[in-house]
Amino acid sequence: MTDLVTLAELGGPLAAIGGAAYARHAHPAAYWSTVGLPLSVARLLASYSSTMDACGLTVEPSRWRALAVRATTRREIRPVPPRRGVIRPNSTGLRVRLRLAPGQEPADVAASAERLRHAWGVHAVYVQDVKPGVVELRLVGYDVLRKVRMPRRVDGGLLRVPVALREDATAFVRDYRAVPHELVLGATLSGKSMYLRHLVTGLAAQPVALVGLDCKRGVELAPFAPRLSALATDPDEAAELLPVLVKEMEDRYDLIKARQGIAPGTPDEEITSDVWGLPDSERPVPIVLFVDEVAELFLVATRKDEERRDEMVTQLIRLAQLGRAAGIYLEVCGQRFGAELGKGATMLRAQLTGRVCHRVNDEASAKMALGDIAPEAVDAACSIAPELPGLAVVGDTSGGWSRIRTPYLSLADAAATCRESAHLAPDVPALTPFRPYVPPVLVEASGTATVPRPVTE
């Protein structure tokens, strides 16, 4: 009888522990909000001073403070940790600001991030420099990249697309004004197409002309045809479209040049060196060029194909070098992108500031994308598992990098978004001959057939 009572008494706590363990694995967000957050806050408050001392982040107190302690108490004078601000919890972790002591720098705190993670029982700790003398600790409670949930509030705007989630639980925003051109690498089924879908659907609702080069017969970009202003589905069409884009770029430079020839006395704000300084009534719409599987533009079989390839590569390089000021931006995608593709490949890659590397088949491919950024980024890209599609390492030529993961977006939903926003496609007369044909869309039997927008065959 006593044994039965003991088992009954233990049943409740054991069930609670088992439920917590299951919730931590299956529903990490719910576990963090109910169990993980209170525990981590308690650990931080209870062990803050001792943890900072163990990490070497304390300093000797000032002379006045030491004198005050001696005069008012008999306590031992101990090293002082950085002054801690208010703890601000959220759905993925918590944030706290630290005021550094004289002589300390953010790198000192960043070097101890792994120790702080273990001391306070969180998934990861990230350090951000807020202002001189102040850093912010971002404590992430669980692996937010395992099941991606984008933040509810993300600062958007023209040519700014929240496309993925960073490992520190913040949104990765593709900003074409800040990083005009980008290279996206990834093996088959690595999530490269998902990244592209989010970019297209994010730009679909903006006054931006979308142009596609998809030499795989259009299988990747054709579903977005209602929103595209131009589409080339084979190298022959690409060879015709690229010169038109170069000519459009040159016309925009002529427009900028005409604005610069201003009479004396014109306000300084009206003098510009790119399209963004033009008045709204004169500014041409931005153009984003998506190049899917760029290697198809480089591959040749005959001498004639080689001449065509050289022309197309030269035009792409010109767009990458000069397109930013004319409001033309490049998004170049592929599985590999190195010197073995042929003449001009390395030069084109050097113009692509942004780099996104999904899972690749060999280390050399990761080095093509991230080797000139940081060796650690190459190692992180090579460690991406096949069962985590959409996971990637993103960086730019400034040297910064981080891991991101794109949320799932079906092709049907992306295509539907493009159909709904087809009327927002701006009119660029030079691109009209390359506008893809969009067949009528049939609805339910109670409805009628509709055409998204006029098209040209």
Side-chain angles (χ1 to χ4, degrees), residues 176 180-188 190 192-193 195-197 199-200 209-225 228-250 287-324 326 328-358 360-361 364-365 368-369 430-431 433-436:
Y176 286 92
H181 313 305
E182 186 175 65
L183 174 64
V184 182
L185 290 186
T188 303
S190 64
K192 185 170 73 272
S193 299
Y195 184 87
L196 192 62
R197 291 175 196 172
L199 284 178
V200 173
L210 306 181
V211 178
L213 294 183
D214 185 2
C215 292
K216 296 190 299 184
R217 310 302 298 178
V219 295
E220 290 289 346
L221 297 179
F224 314 133
L228 298 181
S229 298
L231 176 63
T233 58
D234 58 52
D236 292 331
E237 294 180 357
E240 297 176 3
L241 176 57
L242 284 173
V244 174
L245 288 173
V246 173
K247 181 63 168 58
E248 175 70 17
M249 180 184 67
E250 293 173 347
I287 298 176
V288 178
L289 172 61
F290 296 97
V291 182
D292 186 75
E293 203 53 66
V294 66
E296 290 296 322
L297 297 178
F298 284 84
L299 299 179
V300 296
T302 63
R303 174 70 65 177
K304 183 179 179 181
D305 292 341
E306 186 174 352
E307 295 175 356
R308 181 188 61 188
R309 187 274 309 273
D310 292 343
E311 293 179 1
M312 289 191 295
V313 172
T314 301
Q315 290 154 356
L316 275 177
I317 293 174
R318 292 194 65 194
L319 289 172
Q321 289 179 331
L322 307 174
R324 197 264 330 155
I328 300 177
Y329 308 95
L330 272 62
E331 199 76 30
V332 180
C333 306
Q335 297 187 35
R336 281 180 66 89
F337 196 77
E340 71 276 4
L341 291 181
K343 184 175 63 175
T346 304
M347 186 175 181
L348 175 59
R349 185 182 65 190
Q351 304 296 326
L352 306 176
T353 305
R355 307 290 174 84
V356 177
C357 184
H358 295 78
V360 290
N361 293 325
S365 298
M368 293 174 189
L431 300 178
F434 302 94
R435 182 176 295 175

Pairwise distance [atom1]([X]) to [atom2]([Y]) - rounded to 0.5 angstrom:
X	Y	atom1	atom2	value
M347	L316	CE	CG	12.0 Å
M312	Q315	CE	CD	8.5 Å
L297	D292	CG	CG	10.0 Å
L348	Q321	CG	CD	9.0 Å
E182	L330	CD	CG	11.0 Å
M249	L322	CE	CG	4.5 Å

Problem set entry | Over 12 foreign heavy atoms within 6.0 Å of CZ, R336 | yes
For this session: Just say parallel, tilted or perpendicular for the rings of H181 and Y329, cut-offs at 30° and 60°.
Result: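 It falls in the tilted class, 30° to 60°.
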Min side-chain heavy-atom separation [X]-[Y] under 4.5 Å:
X	Y	result
L213	V294	no
H358	V184	yes
L289	L242	yes
V200	V288	no
K343	V313	no

For this session: Would you please test F224 and R197 for side-chain contact (heavy atoms from CB on, under 4.5 Å) and show each step?
Result: CA-CA 9 Å; F224 314 133; R197 291 175 196 172; 3.8 Å; yes
For this session: Considering only NZ, NE, NH1 and NH2 on the basic side and carboxylate oxygens on the acidic side, decide whether R308 and D236 come within less than 4.0 Å.
Result: yes
Problem set entry | Lys/Arg-Asp/Glu bridge criterion (N-O < 4.0 Å) met for R318, E250 |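 A salt bridge links R318 with E250.
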Exercise. So, does R355 use its side chain to make a donor-acceptor pair with the main chain of L183 at under 3.5 Å?
Worked result: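 A pair under 3.5 Å: no.
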Exercise. Can you check whether L221's main-chain N or O pairs, donor with acceptor, with D214's side chain at less than 3.5 Å?
Worked result: yes
